[in-house]
Amino acid sequence: MRDPIAWMREEYEKLVEQNLEWKIRELQGPSTPVAKVDGKEVIMLCSNNYLNLTNHPKLKEAAIKAIETHGVGSGSVRAIAGTMDLHLELERRLAKFKGAEASLTYSAGFTTNEGLIPQLVGKGDAIISDELNHGSIIDGVRLTKATRYVYAHNDMGELEKVLNEAEKENPNKILIITDGVFSMDGDIALLDQIVKLGKEHGAMIYVDDAHGEAVLGDGGRGIVSHYKLTHHDVHFEMGTFSKAFGVMGGHVSGSEDMVKYAYNKSRSWLLSASHPPATAAACIAAIDVLETEPEHVKTLWDNREYFVKGLTQLGYDIGNSQTPIVPAIVGESAKAVQLSEGLLEEGILALPIVYPMVARDKARIRNMMNSGLTKEHLDKALNAYEKIGKRLGII
Ligand code: PMP
């Protein structure tokens, strides 16, 4: 008899043949700037832990204390019996940090986009998305019945054209949606111009600032702060606690009306359990750290400048990077894979990003800076880039 799930192995084998399967690496200890991975000590250049908060003593202490006072689970979804004082405190603190009227937290950034976007627009509406938006936005957009429009990456001329096109259909509502920092290139959305165009067309604006918060803006307050905009300009400032905040969980900030509407409508909020108390407590502690220890954001940017200078002096192409995401673009996928393997031999963990995640001739190593890296670590990484890059004829 035919094995009804044999197709899965066949599909997996196809990925292996094309060298496209994910090879899972095992961290044997905390996610830190120097970490033990698969038995080897490596300098970590591929974690989203920008501010090295994953292992910060204040976050760990807050999590441990919350387990002692509140237990390990919340017991329910937020709407039924899973809203603890810690969840509400986190939302109050986040709103204050972001300069918004209110914030709402979700279990993850992915579920925020997936659960919120389909509640903002529907049949008879228009949704306009940057072509390089994150997969969780793409899935959120797929769940709407709104008419979809895509504009070329950060191309404001095309956004305007698309807005005019959308308006011809006389939509009830228009939503423009963009990443704040684009995760493959590390460039920043032209949010000030998007807001201006949005205002001319009466559109709502949604920004996913997963890679910009705790990185950009005043004290890491994110992209809205970076452009000196307000939540009257940007109606939905979405983000995640899983990157620079060092913990886990999605969120959205904006008006109180928006938050009340969102939690009554978003299925991923209503139907999925709330965070364990330790997670909420660690997120609150992360905000405390950002408010009282500004050095982390500063060191992150100093490290970024140092690394960019070193990499470009070696002759690497870093594309349009403007943030602590610094790609080293090498061309063919095979070259990027070989470079990553060579770097690992030298004790540097930096992963290749290849087609179809980026264009065929734009394969790269995506480096992510971290405030916990020292100049010695960065020099070691740059020396490895020089040695392996020369060996492979990239530089
Ligand atoms: N948006 C963007 C731009 C992201 O990079 C990510 C993380 N890969 C997410 C959303 C999802 O966030 P989370 O990991 O909290 O689900």
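When a ligand or atom number is given, it counts from 1 through the structure's own listing order.
A donor-acceptor pair under 3.5 Å is formed between the side chain of Ser274 and the backbone N or O of Gly82. Panel note: side chain Thr54, backbone Asn49; no donor-acceptor pair is recorded below 3.5 Å. The backbone N or O of Gly249 sits less than 3.5 Å from a side-chain atom of Thr240, completing a donor-acceptor pair.
A distance of 9.0 Å separates CG in Asp125 from CG in Leu175, rounded to the nearest 0.5 Å.
With side-chain heavy atoms closer than 4.5 Å counting as contact, directly or through intermediates, Met1 stands alone and belongs to no larger hydrophobic cluster.
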query = Which is it for Thr230 and His232 under the side chain to side chain donor-acceptor pair (under 3.5 Å) test, yes or no, and what are the steps along the way?
reply = CA-CA 5 Å; Thr230 71; His232 297 292; 5.1 Å; no
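Protein residues with a heavy atom closer than 4.0 Å to ligand 1 are Ala108, Gly109, Phe110, His134, Ser136, Asp179, Asp208, Ala210, His211, Thr240, Ser242, Lys243, listed by chain and number.
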